[in-house]
Amino acid sequence: MARQTTKLDTKKVSAELFTLTYGALVTRLLKDYENIDDVNKQLERMGYNIGIRLIEDFLAKTNCGRCYDFRDTAEKIQLAFRTYLGVFPQVSNWSAANDEFSLLFDNNPLTEFVELPDHCLNLKYSNIFAGILRGACEMVQMEVTSWFVQDQLKGDNITELRIKFIKKLEDAIPVGED
Amino acid sequence: MIVYSVYIVSKSGGLIFNYDHTVSKVEVEQTFSYPLEFKLVNENKRVIVSFGQRDGIIVGHVLMSVNGISLTGQQLDDGKDVFEVLENSENYPVSLKFGRPKMTTNEKIFLASMFYPLFAIASQLSPEPKSSGIEILETDTFKLHCFQTLTGVKFMVVAEPTDIKLDVLLNRIYELYADYVLKNPFYSLEMPIRCELFDQNLQLLLEQVEKSGLANI
Amino acid sequence: MASQDVLFEFLHHEIVAYCNSKSKKEKEDVSELEYIGFACGYRIIERLTKDWPRFKEELDMLKFLCTDFWSSIYQRQVDNLRTNHQGVYVLFDNEFRFLSRISEGNQYLEFAPQYVSYTCGLIRGALANLGITCIVTAEVHLMPACRFHIQVQKS
């Protein structure tokens, strides 16, 4: 019998599977922990473990040089979102001291099919991103912190992730780069 | 192009990986009559030639076996002390095998931890800030190429002296590290690398480089 | 490894590590992991077969699993599908994606079950939503090759 020739889009399927798996993970965590804050922390920790390894893959593939100012970093983070998740966030809302910026997502790949139930309003659903960014930047001797200012899951129009530069980890800088 | 070995040093300065791809095998076995013309001493738990080199046996060569019996330290595997055996003229003629000493793992770890501060000094000597650190260390018998990642991990390749820049090779090794070591869930950062897949792929990469050069990797 | 797969690979590792740490028994409990896979398989098959014509019979569904489904998720088709035509199917994947970065041969063999549980659940969930209730188990003798046993439960 003739086979349907519609090819499944591998990239799209990969992304959807990632979203579904992440969702199943969050559901599992919500069952395991009574306290929503613990779930948030666990997501961040997992993200951190991913970030410290992901950074080397990113550096090896893109051959990026070191960032000497935060705008540079913002561009690289944008590139990473594009490379690994296939999304194109916008960089904007720079603070006056150029040490804080926002990434604006038209659609957050993690929350594509998700609706937050009422008792989970404190849940930082995409907290894994915060962990990934913290881990990745720490490996290149930068301490950053990030949080969601707006979240489409909570009714806002867009999802806004704000990233702030805390300090350079001077002790950990590889020799020659100081 | 011959690649001798690959070393990876973690960001805290410890050797986490070393691989000898090509080991130059220099072994000389000859029969000698009493008395021996070279002076042997026990140094660093090995019996080595300290003076009197001849016939391809040079100072620094290690005594590997006597009449086919190998030795540990200065004791032969059959229990006798090698110096006593060689003093006694009744044991001659005797067949001795000498070779170049192979570096033990401990020695390699020691050398790698010496390299780390050397690298630091070199960077600080730089007249301009933000130096890349040692990229090439050159001697008459080999060239050591070094690449430090932004995360502080150093990849080093010891190869035969050549003018070809080995950046591409170092970058490919970095990619293999990202693929087979970091994506192995059982590997913890900063620990010695014991991933068979990484070893296999590295060996394949080096064999490819030897056969067809750097163009295709 | 293609970039879009890297993140999923790491996420999978974290989930396995999390389920191991939560396991109260001494032996690693893979049932939680399997359930996560089940939930994903159940949902993703819906999205994948949206525009697909109806499957005529069970074997066609299995074939779909081995070709399009497997290649869109694991970047390769299943190497071999065997069946006794009485509800038992065996899928052979000689280079299973989640094992291929871990080792080739026997290193880490004892941890292999944790890395295939999610997929067992995925298969079970996908087939469940297609109307087939089954039990899925996996066997790994030599990494990265893996065999998935599907036993269809007739109601």
Side-chain angles (χ1 to χ4, degrees), chain A residues 1-29 31-33 42-43 45-58 60-62 79-87 109-110 112-113 128-129 131-132 135-136, chain C residues 1-19 21-24 32-57 60 63-64 67-76 97 101 118-119 121-122 125-126:
Chain A
M1 83 180 169
R3 282 263 258 103
Q4 180 89 334
T5 48
T6 320
K7 275 275 163 183
L8 293 172
D9 183 354
T10 310
K11 266 201 171 130
K12 205 156 156 285
V13 174
S14 260
E16 287 187 5
L17 190 64
F18 183 79
T19 307
L20 287 171
T21 309
Y22 185 74
L25 172 67
V26 177
T27 313
R28 175 85 245 157
L29 290 176
K31 281 204 199 102
D32 288 341
Y33 292 103
Q42 183 70 285
L43 286 173
R45 202 176 312 143
M46 286 187 175
Y48 177 81
N49 289 339
I50 294 178
I52 57 180
R53 293 177 187 235
L54 192 66
I55 182 74
E56 306 260 28
D57 184 271
F58 180 72
K61 291 212 174 94
T62 57
L79 175 63
F81 269 103
R82 207 183 326 149
T83 312
Y84 294 109
L85 278 170
V87 289
L110 292 181
E112 229 187 291
F113 314 116
I128 203 165
F129 283 155
I132 294 179
Chain C
M1 185 185 269
S3 300
Q4 71 242 30
D5 307 319
V6 172
L7 207 51
F8 186 63
E9 193 89 12
F10 283 138
L11 182 68
H12 183 244
H13 291 165
E14 286 304 309
I15 296 179
V16 173
Y18 173 74
C19 289
S21 69
K22 286 303 291 177
S23 150
K24 296 183 181 60
E32 281 186 21
L33 210 43
E34 206 265 357
Y35 183 70
I36 292 181
F38 178 85
C40 296
Y42 197 87
R43 296 187 174 93
I44 200 145
I45 197 80
E46 185 91 53
R47 315 266 310 154
L48 289 184
T49 54
K50 218 165 24 125
D51 301 316
W52 222 263
R54 283 189 71 75
F55 294 110
K56 295 220 173 89
E57 43 166 59
D60 290 329
K63 283 193 193 150
F64 169 75
T67 52
D68 300 274
F69 183 80
W70 214 259
S71 45
S72 57
I73 296 178
Y74 297 115
Q75 288 82 47
R76 52 186 283 112
R97 175 187 165 179
R101 288 275 175 280
Y118 170 86
T119 303
L122 194 76

Options Ile36(C), Ile73(C), Leu122(C), Ile44(C), ranked by heavy-atom pairs under 4.5 Å with chain A, top entry: Ile44(C)
Let's go through Asp32(A) and Tyr18(C) carefully: what are the C-alpha distance in whole Å and the side-chain angles of both, what is the deciding distance for side chain to side chain contact (heavy atoms under 4.5 Å, CB included) to 0.1 Å, and is it a yes or a no? CA-CA 11 Å; Asp32(A) 288 341; Tyr18(C) 173 74; 2.7 Å; yes
Do you know which of Leu20(A), Leu25(A), Leu85(A) has the most heavy-atom pairs with chain C at a distance under 4.5 angstrom? Leu20(A)
Checking Phe38(C) against chain A: side chain, backbone, both or neither under 4.5 Å from a heavy atom? neither
If one checks every heavy atom of Phe58(A) against chain C at 4.5 Å, the contacting part turns out to be neither
Calculate, to the nearest 0.5 Å, the distance between atoms OG1 and CZ belonging to Thr21(A) and Arg43(C) respectively. 10.5 Å
Where on Tyr48(A) is there a heavy atom nearer than 4.5 Å to chain C: the side chain, the backbone, both, or neither? neither
Test side chain to side chain contact (heavy atoms under 4.5 Å, CB included) applied to Lys61(A) and Val6(C), step by step: CA-CA 12 Å; Lys61(A) 291 212 174 94; Val6(C) 172; 4.0 Å; yes
Please state whether the side chain, the backbone, both or neither of Glu9(C) comes within less than 4.5 Å of a heavy atom of chain A. neither
Might you confirm whether atom OH of Tyr35(C) has over 12 heavy atoms from other residues, nucleotides or ligands at distances under 6.0 Å? no
When the ring planes of Phe18(A) and Phe8(C) are compared, do they come out parallel, tilted or perpendicular, using 30° and 60° as the limits? perpendicular
Does Glu46(C), at its CD atom, have more than 12 non-hydrogen atoms belonging to other residues, nucleotides or ligands within less than 6.0 Å? no
About how many Å separate CG of Leu43(A) and CD of Glu14(C), when rounded to the nearest 0.5 Å? 11.0 Å
May I ask you to name which of Ile128(A), Thr19(A), Leu29(A), Thr27(A) has the most heavy-atom pairs under 4.5 Å with chain C? Leu29(A)
Chain C interface, residue from Met46(A), Arg53(A), Arg45(A) that has the most non-hydrogen pairs under 4.5 Å: Met46(A)
